[in-house]
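Any value given below was found using the heavy atoms of this structure, including those in side chains, with hydrogens, waters and symmetry copies removed.
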Amino acid sequence: MTIRSYMAARDREWPGGRWVMAAFLAALAAAPLVLPEFHVTLLNYIGLSALVALGLVLLTGVGGLTSFGQAAFVGLGAYTSAVLTTTYGQSPWLALGVGLVLTLAVAVVLGSVTLRLSGHYLPLGTMAWGISLYFLFGNLEFLGGHSGISSVPPVTLLDFALTDSRHYYYLVWAFVLIALFTTRNLLDSREGRAIRALKGGMVMAEAMGVDTSRARMVIFVLAALQACAAGWLYAHLQRFVNPTPFGLNTGIEYLFMAVVGGAGQVWGALVGAGVITILKQWLQDVLPRLLGSAGNFEIIVFGAMMVLVLHHARDGLWPLLARLVPLRSQPRRIDPTAEPLPRKPRPPHGEVILEARRVTRSFGGLVANKNMDLSVRAGEILALIGPNGAGKSTMFNQLSGVDDPTSGEILFRGRSIAGLGPHRVAAMGISRTFQHVRLLPRMSVLENVAIGAHLRGHKGVLPAAWRLDRAEEARLLREAAVQLERVGLHGLMDEEAGSLALGQQRILEIARALCADPCLLLLDEPAAGLRLKEKQALAELLNRLRAEGMAVLLVEHDMDFVMGLVDRVVVMEFGEKIAEGLPEEVQRNPAVLEAYLGGV
Amino acid sequence: MDQTIFVLLAQDGVTNGAIYTLLALALVMVFAVTRIILIPQGEFLAYGGLTMATLEAGSLPGTLWVLLGAGAVAFAMDLATARGGGRRLPGRSLARSAAWNLGYPLALAALLTQLPLAGLPLAAKALLALALVVPLGPMMYRIAFQPVAEAPVLVLLIVAVAVHLAMVGVGLLVFGPEGSRTTPFSDAQFEVGAMQVGGHTLAVIGASLALIVALYLFFDRTLYGKALRATAVNRNGARLMGISPALAGRLTFLLAAFVGALSGLLFAPMTTVYYDSGFLVGLKGFVAAIIGGLGSYPLAAAGAVMVGLLESFSSFWTSAFKDVLVFTLIIPVLLWRSLASHHVEEEE
Amino acid sequence: MGSNLLDVKGLSVAYGKVEAVSKLDLSVPHGSIVTVIGPNGAGKTTTLSAIIGLLPSTGRIVFDGADDRPDVEAMVARGMTLVPEKRELFGSMSIEDNLLLGAFQRCRAGHRDHATTLADVYALFPRLKERRAQAAGTLSGGERQMLAVGRALMAKPKLLMLDEPSLGLAPLIVREIFRIIAELRRRGVSILLVEQNARAALQVADHAYVLENGAVKMQGEAQAIAADPRIVESYLGLASKHQERLAG
């Protein structure tokens, strides 16, 4: 089946999602017209919280970075506007702009300090600056100290002052919907795939050319900006600010909203903000009546509930709800007419692509690789074999830029790759697969493969958020589909990658690597776990790639596979090369027999 | 600032620093063994101090109800595990669970109702306070953490924050909103050269040092201490020696609760302790622990003294900003840590 | 069945959808050395991990007369120990502490004989005694393997399972390790030995299983297996035959 006919077959879309969405929007629009004042106010607060929680969905749920300090960014937005509109008599709209710029600056500074840290430092750091900013709000003279700033003017829209909470409701929810819309768009784009790879796929993403530190900074700043906008809305809704609502406890509450709602999905933020805000209101109402008024019962219930949610439904409530609502993800439509992506010029057949010269790598006293020499040419498949623990993985890591030699050098088409790091090595034209398959199991096969084409697109976050990247996106997805067809997985492109059999996942990794338009493929045990038929298909694919002039280096244990396929073999033992040559020569080499069967 | 004030502030800083050191050491220990960032560490401190205050007032501490309740929940969970197939829990461990989670709290309840609380000597009250608070540690591990022991660090962290919230709420319930200050362990004043040293200051520093030495000996000399270290170094290796993560977790939490409650006893005579005081004190322990990279005990201790000194001197110059300064201190520390580590890590 | 210390029936282990070991039968008679050999990725390590309970699996595991499949800790308490492929030493702790922790379950059960056991282990590995205060992480590869075996012996195991004890070691040290394995059997320890070094393993073992793709391909007397030409094929692949198949 060609791509074109395949696409035609999938063109029928299921319309249910649109109807649910339309019903939701209609209900949202009608709410202030029918609901009592109190409920409208509650919805306003839900909207504010949802805006912050949405940032956390992006940051924590999608990106895997936990922040307890979002309330401080809310405070930053609220205080900036309060000071500018009262002390300096500026318009709230100008104040919003200033607040966003200020928040951007603060977030970039905080982010550049904390984001490079491993997992648990970041949340601890966010707690620290969260508290720090909170105390700052309470102690700075010009922010009104602990009593705060009152008589903040209302927001005006075309000379119409939004003083009624029913009117303000529309402003709040316009912000929420814009944030939802842009976040969803962003996640469904080239940058979005890079962001989604942050959680559990950083090593893979780097190898595909994603600058993961930049991607982390992007979501950190976006989450901060959304929190800042919520703060601005809060200041002009309350018309009064003081430090209390911007403390660490509120920050924790926002995180809970994201977690309870389901931190992986944008709608989770809405659900979480709704559930927690209403629950809190209800608990504050009901519990004192039941238990007398001595305590702060709702936080006990809150804490206990959080523990229960994390014990029993770590993915939050949204996935449970989504099962009830007839929503299904639509298959991706691929535009077969999209212009193919430009390709790099092929190196001539026989050119030395990768060369390792006297590479030695030692860890402390342990020498894992010693004076290793090898080279791979265009249009050649080289196998690196050796018994377990021979140092093949260490060598592979250095060839792919994950690790650097202690001495010696590795040249890619004559240029040294030492110290570049995986994402720059990827940009040079080296693409790889992993021994333990690294893909994003909840993402579709097509999107997983499209990560491989990351470096072949250029549209950034803003165009993606506002859907100005669609032409390029169509080209990237088309490329992914083409590569999937090439490896024979095109029938599975809408499946979740995690649902594939291991053999298919390995093939997927090859398609992803091919998407990068490399001239060298590094394959780490590509045949492990494959059935005979799959191995034959893989051998056929590699044969074709070789004929096209691709240079391939593979580390492999499956001798049947290696010996029948490759041009040359390098055998390692104890970190050193013990043999090199044609497969038949190597198989008869006594040193190799000794290494594999063991000496006595 | 003249010399007298300098000495006074330094003394204050070191005393607070000693408390932060204890908390920081407990945090480092818990993280190393269980990968849990124990946010509720400060609650043990608050519970310890307030339980002591209630005992001094001669009334039955509400901590007892917390202990009875937590014990009942922990036992119920053990029972459910034993019944619920999967991994079988032998009858012997169920009996042990019943003894610790039900028997012990009931026995303590009986003892407390019989004793003339107000008339007891200070040391006896301190012992009772510890007996009430410390067992909450292993119970907390059993209830909140054991079911998710294999979860990623971030999930454990969020659970820890949730437990912290619940404990603050429970604290308000059983101790009320008023703060308390307890009697110092010593009122004596000593002249050391030109400076005045309070007896309680010496007690705090002495007790902290004694506890640090005791912890060192425990980890260096005893089999169980070594087992905890082994778990911290290599969890898989420890399991293959028959050291179960659950055992290591409960034991670590027992120690953490002990350290926390004891710091509470030392802390409560120095300042008024409220039901929610633990958090800020605990966080300062955190700042210290992070200075030590959550891995080094000596660095954490040094960090704790540094935090104490910074806090005390900044309260002299600009008291309103002392907390801002302490928590901002972490930013350069993090910066230094981030410059020291520059490889891409997989966070799972 | 009565004469076997360990009987495994129909053991299957799956990683997600992939079955790494399927329906494997294996027995270790009292006082014998049984070896499981096979190329990389055949499922050898998975089998050992599943037997001791580190990995969830299906099938029956009868050890020392009991087949209730308890958790790892209880299995260790009953006398099964595993020396894993990665050794899993406590790197920052001293050699002696590493050894003492090997006796953790015995001490917990109230046995107080670890001093004599320690002396026995030191007698078997004099090098460890020389360096007993040194941190385990500073040892060389061969010494680490000795420490790992010594640590397992501290539990006075009925069944000692060794995963690739010769992995990454120089030939001289491999010989030493296998000498010790033979010595342990003389002392009455039953051993389940997983090895890639087929020749050395077959020389020391009584009975052998050849594992390939998660299933037993051959089994029998170790000497008979050693003489079987199919072993070489299984390890190195025979080029001519497969080349046609793959290229075609």
Considering all heavy atoms, the nearest B:A166-A:A304 contact: CB-N, 4.3 Å

Pairwise side-chain contact, A:F68 with B:I39, heavy-atom cut-off 4.5 Å (strictly under): no

Listed partners of A:L308 passing side chain to side chain contact (heavy atoms under 4.5 Å, CB included), at least two apart: A:H312

Under 4.5 Å from a heavy atom of chain A, the part of B:L156 involved: neither

Contacting moiety of A:Y134, where chain B heavy atoms sit under 4.5 Å: neither

Engaged part of A:L136 at the chain B interface, taking heavy atoms whose separation is under 4.5 Å: both

Residues, nucleotides or ligands: over 12 heavy atoms within 6.0 Å of A:R314 CZ: yes

Minimal non-hydrogen separation, B:L173 against A:I300, with atom names: CD2-CD1, 4.3 Å

Approximate separation, where rounding is to 0.5 Å, of B:I290 CD1 and A:M127 CE: 9.0 Å

Nearest non-hydrogen partners of B:V148 and A:H311, listed with the distance: CG1-CD2, 3.6 Å

Engaged part of B:L280 at the chain A interface, taking heavy atoms whose separation is under 4.5 Å: side chain

Chain A contact via B:I158 - side chain, backbone, both or neither, heavy atoms under 4.5 Å: both

Contact summary for A:A128 and B:F327, nearest pair of heavy atoms: O-CB, 3.6 Å

Residue part contacting chain B, namely of A:M305, when any heavy atom lies under 4.5 Å: neither

Structural part of A:L133 lying under 4.5 Å from a heavy atom of chain B: neither

Residue B:V168 versus chain A: region with a heavy atom under 4.5 Å: both

Side chain / backbone / both / neither for A:V259 at chain B, heavy atoms under 4.5 Å: side chain

Derivation of the side chain to side chain contact (heavy atoms under 4.5 Å, CB included) call for A:L248 and B:L283: CA-CA 12 Å; A:L248 189 61; B:L283 272 186; 4.3 Å; yes

